[in-house]
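The structure under discussion appears below in the form of structure tokens.
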Amino acid sequence: MARPTLLLIDGNSLAFRAFYAMINQVDRFVNSEGLHTNALVAFNNFLDGIVEPFNPDSALVAWDAGKTTFRTGKLDSYKGNRDKTPTELTEQFPYLREMVTLHGIYSYELPNYEADDIIGTTAKEGQAAGYDVTIVTGDRDMLQLVDEHVEVWITKKGVSEVEHNDLAMVAEKYDGLTPAQIVDVKGLQGDTSDNYPGVAGIGPKTAIKLIKEYGSIQGLYDHIDELKANKQKEKLVNGKEDALMSRDLARIRTDAPVTFTLEDLKYTGPDYQGLIKFYQKLDFRQQLAKLANQGHVAGQPEPDVDGASGNQPQANAQKPINLKPMLLEDVANLPNFEDEISVYIELDDKDYHLGVPVGFVLGNETDGYVVSRDLDLLLSEPVKQILENSDIAKHVFDAKSIFVVLERYGIALAGVNDDVLLMSYLVDTNDNSNDLGALAQQNDYFDVQTDESVYGKGAKYAIPEDDDVFFNHLGQKARALNMLPAQLLSQLEEREQTDLYKTMELPLSFVLADMEINGIKVDSQQLLAMGTELTNCLHELEQSIYAEAGHEFNIQSPKQLGVVLFEEMGYKPIKKTKTGYSTSVDVLEQMQDVPIVADILEYRKLSKIKATYVDGLLRVIHGTDSKVHTHYIQTLAQTGRLSSTDPNLQNIPARTEEGRSIRKAFVPSEPDWYIVSSDYSQIELRVLAHISGDKNMQAAFNADEDIHADTARRIFHLDDDAEIDPNMRRKAKAVNFGIVYGISDFGLANNIGVSRKEAKEIIDTYFQEYPGIKQWSDNIIEFAREHGYVETLAHRRRYLPDIHAKNFNVRSFAERTAMNTPIQGSAADIIKIAMLHVQQALKDAGMQTRMLLQVHDELIFEVPENELEQVHTMIPKIMDSAMQLDVPLKVSTHEGKSWYEAK
DNA sequence: GTTGCGCCC
DNA sequence: GTAGTGGGCGCAACC
């Protein structure tokens with residue numbers, strides 16, 4: 001019969017390992033009350049990843065009881081050279097003990113003894129009682145306890161892996177010695193970390209050799225006279241007392257007066273309810289999510305005794321969901337929803353412009369939740385009336401996607417009160433998961449699982465055939481949509497973001513929906529013609545590159561190109577990446593005199609245009625209307641900007657003529673209409689002039705001066721009316737951009753090709769000339785340090801935990817972000833407000849003009865000829881008055897028969 | 001899935 | 001002294 005198992009864990013050793021394994025992260029793991037949790041996280045991973053799978057019959061975690069033990073009584077300096085344990089770790093010890101107990105493991109400490117001795121004693125006792133004993137520690141000295149039924153596991157890589165040591169392993173490591181002889185080796189060798197001396201001048205090699213020869217320290221000194229008279233003998237004779245004392249200190253006790261019995265150590269496994277509360281206290285969201293996905297759910301929460309509000313876990317009453325599976329024929333039995341409902345629609349494609357509903361849920365706690373796979377039910381007149389009834393408040397996740405889907409079926413979603421995705425993003429821009437389950441978990445609601453855990457991912461992704469599984473998941477989503485808004489709304493209120501949400505972001509989502517639905521027409525014939533031309537050019541370039549290289553290779557492979565240039569052709573590598581030679585533009589541009597390089601640069605440029613813009617765009621043109629329908633992501637960019645995907649219409653080439661030609665393919669969708677673009681001039685610098693309050697920069701904008709020329713005059717000390725040569729203006733422009741991004745002398749030097757010293761002087765002069773900007777940038781960084789976040793003009797908030805990072809780079813990055821985010825984010829606020837006003841004005845004026853695209857500081861429209869004049873006056877007026885700043889906003893418009901011409 | 005590169009504002 | 005301007009998306013190659 002198999003022997004029962006006993007697991008003995010060295011708590012202190014593992015806690016130290018856990019702490020130092022994640023020392024870089026120490027400031028990233030702090031709970032809402034300021035408690036550091038890095039060691040707790042790593043220790044918990046150890047308990048989950050190693051202890052739980054091991055599933056011992058009995059288990060114990062032993063702790064050191066305090067600083068003084070019987071060993072310090074024998075040697076004052078024992079462990080005396082250790083640095084004081086950081087407070088970031090000591091504060092975690094009480095929680096470590098609690099965590100161990102919650103995992104169902106006996107936790108024990110004994111005054112005057114170290115954890116080692118508790119373990120040594122228990123190991124001996126357990127072995128005698130017939131257990132297979134396993135000891136886990138980071139301390140190699142414990143190897144002395146290895147025996148026939150005792151293994152010692154030493155932690156590796158922090159505490160995430162262990163190395164198993166049995167008798168054979170010890171024999172291998174100690175050249176055939178037994179575990180019991182390790183203390184004799186340590187006695188001779190000493191230990192610097194525990195600070196006991198051993199014999200001066202004897203290291204591990206000699207120690208092992210001597211013990212192997214004489215069996216023990218005692219044996220060695222019994223035969224000391226037989227040793228050759230030399231330095232070594234002298235050392236040994238002089239060090240005898242130290243050797244015996246050190247041996248005594250190294251010896252782990254097996255007779256500590258422990259007060260438990262083996263019976264007490266029965267391993268009971270985790271107390272999940274207790275752990276949930278514990279994890280909530282520690283803000284262990286991942287652990288909570290994991291428990292939720294394993295089916296462990298939170299019980300009733302404790303009364304809110306400390307009065308803290310806002311971020312408390314939800315009361316996830318686990319009463320069963322009142323699910324009402326329905327088909328079209330049951331439509332007469334629809335509940336009579338009166339005030340508010342959750343709506344969620346599952347699609348068969350992540351592209352909501354094409355996806356078809358494969359399931360949906362609507363309902364509330366009172367009337368129950370209607371769930372169905374029946375598209376005809378979703379489109380039926382009674383359901384349509386509910387969805388279009390603006391008096392029935394809807395709670396949704398990603399209003400824009402639902403609006404777009406329903407619009408395709410002729411249903412105009414109305415009454416959307418709350419979009420949980422938007423709310424969560426505004427509260428914390430990091431909580432922007434495009435999965436409701438994940439997002440709910442980020443907001444401390446754990447009853448709804450992620451789509452990935454229910455549907456699978458990649459090739460295995462599938463909507464469950466089992467109605468119970470699928471409908472229950474939908475029901476949980478709908479319930480989460482009912483539960484989450486109250487909490488999120490109060491958090492928005494706390495952050496003064498209610499306006500931002502209700503009057504900007506939520507209405508904007510429907511404007512964006514209109515823009516996406518409209519789409520923009522792309523002339524595929526034009527693209528195909530360009531494609532053919534590009535293919536020919538690329539083929540020619542290819543041939544000449546092969547000729548110069550002497551053979552064919554993949555020019556698009558940075559790896560192969562690196563070999564050709566820097567090995568075969570023998571040019572000097574200028575820069576390296578972590579995987580090899582860098583072949584980026586700035587490297588190649590420094591090699592202009594090499595004939596092959598010009599061709600390679602040209603090849604790169606053209607193949608980028610062909611692959612990304614010609615072929616890429618052709619792939620996403622809808623066959624039904626010859627248009628592309630982008631997806632604006634409203635909840636991704638950390639600054640509040642939009643992003644655009646499938647296709648990305650915010651990075652269509654503009655800089656080079658060849659690239660810009662792509663814009664010729666973007667045309668109006670109606671005959672005789674025009675494309676009009678309308679863009680803000682210097683919006684970010686104007687925002688900077690406003691929020692910094694710098695009088696000089698404000699004066700330049702108020703006088704409608706060329707800001708880069710003004711800056712050039714200032715930083716190069718020129719007269720007010722001096723001619724500005726283009727090179728000076730270029731440098732000044734680079735400085736202005738650099739300031740917006742939080743530049744350094746190094747970065748600027750690189751950018752404008754001056755020495756670092758000159759760059760530093762330029763920056764110093766800049767700050768002297770625009771003192772308000774210097775003042776503001778210092779202030780905003782200070783604000784971020786004090787509050788942990790920065791804000792835009794519209795109270796959009798970005799948290800910057802890294803502002804306190806110990807690592808210089810990480811912290812510097814956060815400081816630049818602290819400067820850039822209010823600037824970039826406020827510019828985003830402004831154009832969003834403008835878009836709302838524009839859409840409203842077009843509607844109020846009964847115009848046909850349609851807003852199609854937003855590219856951060858510009859809006860693109862398609863306009864019938866008879867509205868052109870009106871558009872050119874109306875749009876700039878709306879845009880430049882979107883927000884009242886201390887400097888004017890400037891907007892210019894352009895028209896043409898394509899996006900290319902509208903410049 | 002990650003890396004290198006390159007496109008946009 | 002550190003590294004060395006912010007925010008995005010997508011392609012091809014490579015692992």
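Residue numbers begin at 1 in each chain, while the letters A, B, ... track the order of the sequences.
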Which nucleotide in the list dG6(B), dC8(B), dG7(C) gets nearest to the side chain of Thr817(A)? dG7(C)

If you look at every strand shown and take non-hydrogen atoms under 4.0 Å, does Ser607(A) touch a base, only sugar-phosphate, or nothing? nothing

Does the separation of the ring centres of Tyr352(A) and His631(A) fall below 6.0 angstrom? yes

What pairs with Gln497(A) under side-chain hydrogen bond (donor to acceptor under 3.5 Å, both in side chains), at least two apart in sequence or on another chain? none

Specify whether His629(A) and His622(A) have parallel, tilted or perpendicular ring planes, treating 30° as the upper limit for parallel and 60° as the lower limit for perpendicular. tilted

For residues 604-617 of chain A, pull every pair meeting side chain to side chain donor-acceptor pair (under 3.5 Å), keeping only residues two or more places apart or in separate chains. Gln556(A)-Ser607(A), Thr583(A)-Arg604(A), Lys605(A)-Glu658(A), Lys610(A)-Asp615(A), Tyr613(A)-Asn651(A)

Have Thr821(A) and Arg798(A) got a donor and an acceptor in their side chains that come within less than 3.5 Å? yes

Side-chain contact check for Ala654(A): nearest option of dC5(B), dC9(B), dT5(C) is dC9(B)

Gln824(A) (side chain) and dG6(C) (base): donor-acceptor pair under 3.5 Å: yes

Please give, in whole Å, the distance from dG6(C) P to Phe813(A) CZ? 5 Å

Between dT5(C) (P) and Ile823(A) (CD1): distance, integer Å: 16 Å

Closest-nucleotide ordering on DNA chain C, the 5'-leading residue of His856(A) and Arg811(A): Arg811(A)

Are any side-chain N or O atoms of Arg797(A) and backbone N or O atoms of Tyr789(A), one a donor and one an acceptor, separated by less than 3.5 Å? no

Side-chain N or O of Arg641(A) closer than 4.0 Å to phosphate OP1/OP2 of dC9(B): no

Output the rounded distance in Å from CZ (Phe808(A)) to P (dT2(C)). 8 Å

Where the side chain of Tyr741(A) is concerned, which of dT5(C), dC8(B), dG4(C) is the nearest nucleotide? dT5(C)

Starting at atom NZ of Lys610(A), determine the distance to atom C1' of dC7(B), rounded to an integer number of angstrom. 17 Å

With heavy atoms under 4.0 Å as the rule, sort Val740(A) into base, sugar-phosphate or nothing. nothing

Determine the Euclidean distance between corresponding P atoms of dG4(B) and dG4(C); express it in Å to zero decimal places. 14 Å

Tell me whether Asp710(A) contacts the main-chain N or O of Ala700(A) through its side chain, where contact means a donor paired with an acceptor under 3.5 Å. no

By the 4.0 Å heavy-atom rule, please label Gly738(A) as base, sugar-phosphate, or nothing. base

Whole Å only: how far is the CD1 atom of Ile763(A) from the C1' atom of dG4(C)? 11 Å

Contact string for nucleotides 8-15 of chain C, one letter per nucleotide 5' to 3', B = base within protein heavy-atom range under 4.0 Å, S = sugar-phosphate only, - = neither, reads BBBSSSSS

Base, sugar-phosphate, or nothing: which does Arg816(A) touch, judged by heavy atoms less than 4.0 Å apart? sugar-phosphate

Using atom CD1 of Ile609(A) as one end and atom P of dC7(B) as the other, report the distance to the nearest whole Å. 7 Å

Between P on dG6(B) and CG on Leu561(A), what's the gap in Å once rounded to a whole number? 10 Å

Hey, is the side chain of Asn751(A) pairing donor to acceptor with the base of dT5(C) inside 3.5 Å? yes

With no hydrogens and no angle check, just 3.5 Å: does a side-chain donor-acceptor pair link Tyr461(A) and Glu452(A)? no

To the nearest Å, how far apart are Leu748(A) CG and dG6(C) C1'? 15 Å

